[in-house]
Novice: 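The following block contains the structure, expressed as C-alpha cells.
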Amino acid sequence: VQQDGGSLMAIQPNRMETLRLESKRGKRMIELPKDFANRNVLVEVTAGALSQSQVIVANSMDVTLADSFGRLQITTKNGQPVEKAYVKVYARHHGGQVRFFKDGYTDLRGQFDYASLSTNDLDTTERFSILVLHPELGAVIREAAPPKR
C-alpha cells in the first residue's frame, strides 16, 4: 500500500467526512474517530485535484534494528523487553525477486536474529522487510539492509 498508490482504488472507506477549512493556508489537526483507536488505518485526504494518503500502523512498541548484526530488539514504550512477539522477514534479492526469508519469535530479552540462516540466501539479499506482530502491542513494519560480511 505504501509503495503503490494505484492499488488504493480497490479499497472502500469505512468512513468519509467532509471538512471545511478556515483558510487556504496553514495546518489543521484532525483526530481519528475513537472507533479507529489502536487500529491500523489508511487515511486519505483529498482537496480538489490533490490527494495524499498515509498508512497509520497502531502499536505500543519500539523496534531497534542493529543492521550490522542482523538483529532487532523490541521493547515497550517504557523500555521493557517484549518477548514472544512474532517476526516475519522477507528479502529482496538481486534481480528484484522477493521471497520469504525467515520467521520466529523474540526471546526473553525481546531480541530476534533476522539475518542468520543455514543457507546462502544472505549472499544475494539486497534488502529486508520485517513485520513484527504482538497481540496486545500491535504491529510494526521496518526495512533493513543486510549485514556486511
Side-chain angles (χ1 to χ4, degrees), residues 1-17 19 27-47 49-149:
V1 169
Q2 292 173 341
Q3 294 176 348
D4 183 16
S7 66
L8 300 179
M9 294 166 53
I11 297 174
Q12 294 297 315
N14 290 330
R15 176 178 281 171
M16 291 178 62
E17 290 186 30
L19 303 172
K27 296 180 181 182
R28 179 172 177 182
M29 182 71 69
I30 302 170
E31 288 204 30
L32 283 176
K34 294 203 183 308
D35 52 329
F36 291 117
N38 297 318
R39 304 188 92 144
N40 300 334
V41 295
L42 170 69
V43 177
E44 183 176 40
V45 177
T46 303
L50 300 174
S51 183
Q52 184 72 38
S53 60
Q54 177 70 45
V55 176
I56 301 170
V57 181
N59 72 76
S60 299
M61 319 179 257
D62 289 324
V63 177
T64 305
L65 295 173
D67 357 9
S68 57
F69 299 106
R71 296 188 65 82
L72 61 79
Q73 180 167 30
I74 304 167
T75 57
T76 60
K77 297 293 183 183
N78 64 4
Q80 296 298 312
V82 176
E83 60 182 273
K84 299 180 185 175
Y86 178 67
V87 181
K88 189 166 193 169
V89 183
Y90 280 86
R92 184 179 67 223
H93 296 272
H94 301 301
Q97 183 185 28
V98 176
R99 61 180 188 262
F100 172 79
F101 189 81
K102 182 178 186 175
D103 70 342
Y105 292 88
T106 56
D107 62 18
L108 295 172
R109 302 166 296 164
Q111 295 185 4
F112 182 76
D113 179 342
Y114 62 83
S116 296
L117 282 181
S118 58
T119 67
N120 63 352
D121 281 357
L122 187 59
D123 296 339
T124 61
T125 299
E126 291 180 341
R127 195 98 178 127
F128 287 115
S129 181
I130 304 165
L131 169 67
V132 177
L133 294 172
H134 190 275
E136 288 94 35
L137 302 176
V140 176
I141 298 171
R142 293 285 189 269
E143 288 191 16
K148 303 268 190 255
R149 289 185 155 207

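Excluded from the calculations below are hydrogen atoms, water molecules and symmetry mates; all remaining heavy atoms, backbone and side chain alike, are included. Just so you know, these numbers come straight off a predicted model, no measurement behind them.
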Novice: Ignoring hydrogens, what is the shortest heavy-atom contact between F112 and T106? Give both atom names and the distance.
Specialist: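 Between these two residues, the closest heavy atoms are CB-CG2, 4.2 Å.
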
Novice: Could you give the side-chain donor-acceptor pairs of residues 127-135 under 3.5 Å, partners two or more places apart or in another chain?
Specialist:
unit_1, atom_1, unit_2, atom_2, d
R127, NE, E143, OE1, 3.3
H134, ND1, E136, N, 3.2
H134, ND1, L137, N, 3.2

Novice: Which pair of non-hydrogen atoms, one from D67 and one from A145, has the smallest distance, and what is that distance?
Specialist: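 Closest approach of D67 to A145: CB-O, 3.5 Å.
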
Novice: With salt bridge (charged side-chain N to carboxylate O under 4.0 Å, His left out) as the rule and sequence neighbours excluded, what pairs involving residues 73-91 come up?
Specialist: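 Only D62-K77 qualify under salt bridge (charged side-chain N to carboxylate O under 4.0 Å, His left out).
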
Novice: Applying side chain to side chain contact (heavy atoms under 4.5 Å, CB included), can you list everything that pairs with L19, at least two apart in sequence or on another chain?
Specialist: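 E17, R28, I30.
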
Novice: Closest approach of V89 and Y114, non-hydrogen atoms and distance?
Specialist: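 Closest approach of V89 to Y114: CG2-CB, 3.7 Å.
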
Novice: Would you compute the distance between atom CZ of F101 and atom OH of Y90 and round it to the nearest 0.5 angstrom?
Specialist: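 Atom-to-atom, F101:CZ and Y90:OH are 13.0 Å apart.
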
Novice: Over all heavy atoms of both residues, which pair between P81 and G110 is shortest? Give the atoms and the distance, please.
Specialist: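 Heavy atoms only, the tightest pair is CB-N, 3.9 Å.
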
Novice: Quick one: CG on N59 to OG1 on T76, what's the gap to the nearest 0.5 Å?
Specialist: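 The CG atom of N59 sits 11.5 Å away from the OG1 atom of T76.
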
Novice: From T119 OG1 over to K102 NZ, what is the distance, rounded to the nearest 0.5 angstrom?
Specialist: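 The distance works out to 10.0 Å.
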
Novice: Under the criterion side-chain contact (heavy atoms from CB on, under 4.5 Å), I'd like the reasoning laid out for V43 against L32: C-alpha separation, chi angles, the key distance, then a yes or no.
Specialist: CA-CA 9 Å; V43 177; L32 283 176; 4.0 Å; yes

Novice: Quick check: closest heavy atoms across A144 and L65, and the distance to 0.1 Å?
Specialist: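 Smallest heavy-atom distance, with atoms named: CB-CD1, 3.9 Å.
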
Novice: Tell me the closest heavy-atom pair linking S68 and P147, and the distance in Å.
Specialist: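 Shortest heavy-atom separation between S68 and P147 comes out as O-CB, 3.4 Å.
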
Novice: So, taking the atom named CD in Q80 and the one named CD1 in I74, what distance separates them when rounded to the nearest 0.5 Å?
Specialist: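 Going from the CD atom of Q80 to the CD1 atom of I74 covers 14.5 Å.
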
Novice: List in chain and number order the residues that pass side chain to side chain donor-acceptor pair (under 3.5 Å) with T124, two or more places apart in sequence or in another chain; answer none if no residue qualifies.
Specialist: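 H93.
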
Novice: Side chain of D113, backbone of A115: donor and acceptor closer than 3.5 Å?
Specialist: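 Answer holds: yes.
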
Novice: Salt bridge or not between D35 and R15? Use side-chain N to carboxylate O under 4.0 Å.
Specialist: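 Salt bridge present between D35 and R15.
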
Novice: For R142, give me all partners under side chain to side chain donor-acceptor pair (under 3.5 Å), at least two apart in sequence or on another chain.
Specialist: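 Partners of R142 by the side chain to side chain donor-acceptor pair (under 3.5 Å) criterion come out as none, since no residue qualifies.
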
Novice: Test: ring pair (Phe, Tyr, Trp, His ring centres under 6.0 Å). Region: residues 61-81. Which pairs qualify, not counting sequence neighbours?
Specialist: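 Non-adjacent pairs meeting ring pair (Phe, Tyr, Trp, His ring centres under 6.0 Å): zero.
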
